[in-house]
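I have placed the structure first, in the form of structure tokens, so that the comments after it can refer back to it.
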Protein chains: 2
Amino acid sequence: MLPEPFDLLNEDASTPLILAKGEHVFRQGDETRGVFFVVSGAICLTRLTEAGAAVTLHNAKVGGMFAEASLYSDHYHCDAIAVAPSEVIHLSKRAIQTRQREDAAFSEGLTRRLATQVQDYRQLLTLHAVKSANERVYLAVASGRLRGSVTQLASEIGLTKEACYRALKELTDQGELCKTGRGEYALRRSF
Amino acid sequence: MLPEPFDLLNEDASTPLILAKGEHVFRQGDETRGVFFVVSGAICLTRLTEAGAAVTLHNAKVGGMFAEASLYSDHYHCDAIAVAPSEVIHLSKRAIQTRQREDAAFSEGLTRRLATQVQDYRQLLTLHAVKSANERVYLAVASGRLRGSVTQLASEIGLTKEACYRALKELTDQGELCKTGRGEYALRRSF
DNA sequence: AACCAAATATGATTGAAATCATATGTTGCC
DNA sequence: GGCAACATATGATTTCAATCATATTTGGTT
């Protein structure tokens, strides 16, 4: 259920929370309680700047986590609001910190997870810089990003789903990709 | 001199490097040697896509660090180039990894640093998802991303410099921003 | 079985940013 | 001082993805 290394935590370190749409998981200024895993729905993290502008910091989706950095600050510096009816799992800050001190494998797992995320986000940013929709979709498929739905991929790589479907069709017509099923495409092996 | 947790390292773990403007600290594909601290000047981390597009991943300024994630990969996945005559301090990968195993405080500090980077990349990706160029530029300025040149900002947030200048002009005309100098803009305080 | 919501798929039109072009301002350098 | 490189700045045109529209398929629910 939980991603590494959080699967190593004791059961009493995690608490499931059910949230209605619009409900807060935490607010800017609240004392930090820990990090969260999204089971269903979606959580949006926003912050108000000094000048009063609302800046979205992160949209946490199913399978994702948020507020990792809260482990290192006393108070949350943004609001976390459910943008749909959601279920999240709260992971206790104290339990994580204790485990981090006492278990080198857990500690390393956490650091490695963050490092992996940094790499993944960098790859995504590189993908976003590709101007052509066709090439962007091709590279996304080539780097194994078409796992879930095409709709999901589209949002991940910064295109509309329509543009994404069109690109997939054109790439298939051009022989760059081949369609392996409904919403499934594979690289055309060059041999 | 060095920020946490790298100030805890032995002196022989660090090596100063002098760089001319345009010189590389490392290149994409180089075997990882460690992380770097900026003493003077500025280092820009960019990644070249297969299509040749340059994406700015990070602008490390005086007092900042870069390439923390290289500790968990064998090869650098971006170029680090001095955008001005610079002095950086190289921190040995081996020394860091050894210290990480032997010193819990050091290890925790490193994890905190990575968590902060994850936060930053998420914010950048969220920014890239904003369709309107004007709003994107406004939010970028609101979240303090206009530090270096407008050209740098444009590449960071996924716009051409022209579109970026135009947005800045329009936002200024609309009274959302105010121009504080050549290539310098500030939020219009609402009070 | 019937129904609904969401994903898949594609066609037509539009609009906004990219591109191309040009000019001035600034900085560092020989 | 003069030159080269780059940042700043804005105007004109083009292009390509967004948007709007519509139809079918699928999976889940009652």
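Worth saying up front: this structure is predicted, and the values here are computed from it rather than measured. A, B, ... follow the sequence lines: proteins, then strands. Residue 1 opens every chain.
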Closer than 4.0 Å, any side-chain N/O of [X] to the OP1 or OP2 of [N]?
X: A/Y185; N: C/dA9; result: yes
X: A/Y165; N: C/dT10; result: no
X: A/K161; N: C/dT8; result: no
X: B/K131; N: C/dA17; result: no
X: B/T151; N: D/dT8; result: yes
X: B/T160; N: C/dA17; result: no

Once you round it to whole Å, what is the distance between [atom2] of [N] and [atom1] of [X]?
X: B/L171; N: D/dA9; atom1: CG; atom2: C1'; result: 15 Å
X: A/L146; N: C/dA7; atom1: CG; atom2: C1'; result: 13 Å
X: B/E162; N: C/dC20; atom1: CD; atom2: P; result: 10 Å
X: B/E170; N: C/dA16; atom1: CD; atom2: P; result: 10 Å
X: B/L153; N: D/dC6; atom1: CG; atom2: C1'; result: 17 Å
X: B/H128; N: C/dA17; atom1: NE2; atom2: P; result: 15 Å
X: A/R136; N: D/dC16; atom1: CZ; atom2: P; result: 14 Å
X: B/K169; N: C/dT24; atom1: NZ; atom2: C1'; result: 15 Å

Run the ring pair (Phe, Tyr, Trp, His ring centres under 6.0 Å) test on B/F37 and B/F66 for me, step by step, so that the C-alpha distance in whole Å, both residues' side-chain angles and the decisive distance to 0.1 Å come before the verdict.
CA-CA 7 Å; B/F37 172 75; B/F66 59 95; 9.6 Å; no
Is the closest basic N to carboxylate O distance between B/D120 and B/R145 below 4.0 Å?
yes
A/E68 with B/R122: basic N within carboxylate O range, under 4.0 Å:
yes
Is any side-chain heavy atom of A/T111 closer than 4.5 Å to a side-chain heavy atom of B/Y72?
yes
Check: C/dT26 base within 3.5 Å donor-acceptor of B/R182 side chain:
no
Taking donor-acceptor contacts at under 3.5 Å, does the side chain of A/R166 reach the base of D/dT19?
yes
Exercise: do B/Q28 and B/D79 side chains pair donor with acceptor under 3.5 Å:
no
Remember a base hit wins even if backbone is also touched, and classify A/L159 as base, sugar-phosphate or nothing at under 4.0 Å, heavy atoms.
sugar-phosphate
